[in-house]
Amino acid sequence: MGVEAYNYSSVIMFYLFLITSFIVPHAKGENYIVGDSYGWIDFVDFNNWCDGKEFHVGDVLVFNYDSSQHNVLQVDSTVYESCIKDSYMKKLTSGNDSIVLEKGGAWFICGVDDHCENGQKLHINVTP
């Protein structure tokens, strides 16, 4: 009877797993390395990098950069447009930072020297 109960519970567990895999949506986001092989550097057209990409809630932006030369500031649209470096929501400095995207707009700039003014900034729209 012990073996039969074990087999019976194994079958039930298998079917429960199978059913829940169809019912529960999987929230697996895409990983995007900002700037691809160039990474997060100045003098790259990040608007061009965004062309053809669709960003969704749960996707991850990965910023790779030399932390002695760059940083990542998550900002709002006004700060983004004006390259204001002392007004940010989040400052990242590790050189290998990941941001999980939420619905709406997302704006990022480099707060070092005149990098933002030279184009080291990124704006994306995130859809559900």
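For the numbers below, each heavy atom of this structure counts, side chains included, while hydrogens, waters and symmetry mates do not. Every value quoted in this text rests on a predicted model; they were computed, and no experiment measured them.
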Working note: Phe108 + Phe46, criterion ring pair (Phe, Tyr, Trp, His ring centres under 6.0 Å); need CA distance, chi angles, decisive distance, verdict. CA-CA 10 Å; Phe108 305 94; Phe46 289 102; over 10 Å; no

Taking it one step at a time, do Ile99 and Gln74 satisfy side-chain contact (heavy atoms from CB on, under 4.5 Å)? CA-CA 9 Å; Ile99 302 275; Gln74 186 170 6; 4.0 Å; yes

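Of the possible polar contacts, one joining the Asp66 side chain to the Ser68 backbone as a donor-acceptor pair under 3.5 Å is found. For Tyr32 (side chain) and Leu61 (main-chain N/O), no donor-acceptor pair under 3.5 Å exists by modelled atom type.
Not counting sequence neighbours, Ser77 has no partner by the side chain to side chain donor-acceptor pair (under 3.5 Å) test. Listed by chain and number, the residues in a side-chain contact (heavy atoms from CB on, under 4.5 Å) with Asp45 are Asn47, Asn48 (sequence neighbours excluded). Asn96 meets the side chain to side chain donor-acceptor pair (under 3.5 Å) test with no other residue; sequence neighbours excluded. Among residues two or more places apart in sequence or in another chain, the side-chain contact (heavy atoms from CB on, under 4.5 Å) test is passed with Val60 by Asn31, Val62, Ser98, Val100. Taking Asn118 as the reference, Asp114 meet the side chain to side chain donor-acceptor pair (under 3.5 Å) condition, with sequence neighbours excluded.
Two residues are said to be in side-chain contact when any heavy atoms from C-beta on lie closer than 4.5 Å; Trp107 and Ile124 fail this criterion. The closest side-chain heavy-atom distance from Lys91 to Val72 is not below 4.5 Å. Side-chain atoms of Phe55 and Cys50, non-hydrogen and from C-beta on, do get closer than 4.5 Å to each other.
By the criterion of side-chain heavy atoms lying less than 4.5 angstrom apart, applied directly or through intervening Ile, Leu, Val, Met, Phe, Trp or Tyr residues, Val126 is not grouped with Leu73; the two fall into different hydrophobic clusters. Note on Tyr65: it does not cluster hydrophobically with Val112, by side-chain heavy-atom contacts below 4.5 Å among ILVMFWY residues.
Screening residues 92-128 for disulfide bond (SG atoms under 2.5 Å apart) gives Cys83-Cys116 as the qualifying pairs, with residues at least two apart or on separate chains. Residue pairs that meet the salt bridge (Lys or Arg N to Asp or Glu O under 4.0 Å) test with at least one member in residues 94-104, sequence neighbours left out, do not exist here. Residue pairs satisfying the salt bridge (Lys or Arg N to Asp or Glu O under 4.0 Å) criterion with at least one member in residues 119-128, sequence neighbours excluded, are absent. For residues 80-90, the set of pairs meeting the side chain to side chain donor-acceptor pair (under 3.5 Å) definition, not counting sequence neighbours, comprises Lys85-Glu117.
Here the CD atom belonging to Glu54 is positioned 11.0 Å from the CD atom belonging to Glu30, to the nearest 0.5 angstrom. The CD1 atom of Ile84 sits 8.0 Å away from atom CG of Asp76, with the distance rounded to the nearest 0.5 Å.
Here the closest non-hydrogen pair linking Ala106 and Leu101 is CB-CD2, 4.5 Å.
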Name every donor-acceptor pair, under 3.5 Å, that has one atom in a side chain of residues 33-42 and the other anywhere in the protein, sequence neighbours excluded.
{"unit_1": "Asp36", "atom_1": "OD1", "unit_2": "Trp49", "atom_2": "NE1", "d": "3.2"}
{"unit_1": "Asp36", "atom_1": "OD2", "unit_2": "Trp49", "atom_2": "NE1", "d": "3.3"}
{"unit_1": "Trp40", "atom_1": "NE1", "unit_2": "Asn71", "atom_2": "O", "d": "2.8"}

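No hydrogens or angles considered: a donor-acceptor pair under 3.5 Å links the side chains of Gln120 and His70.
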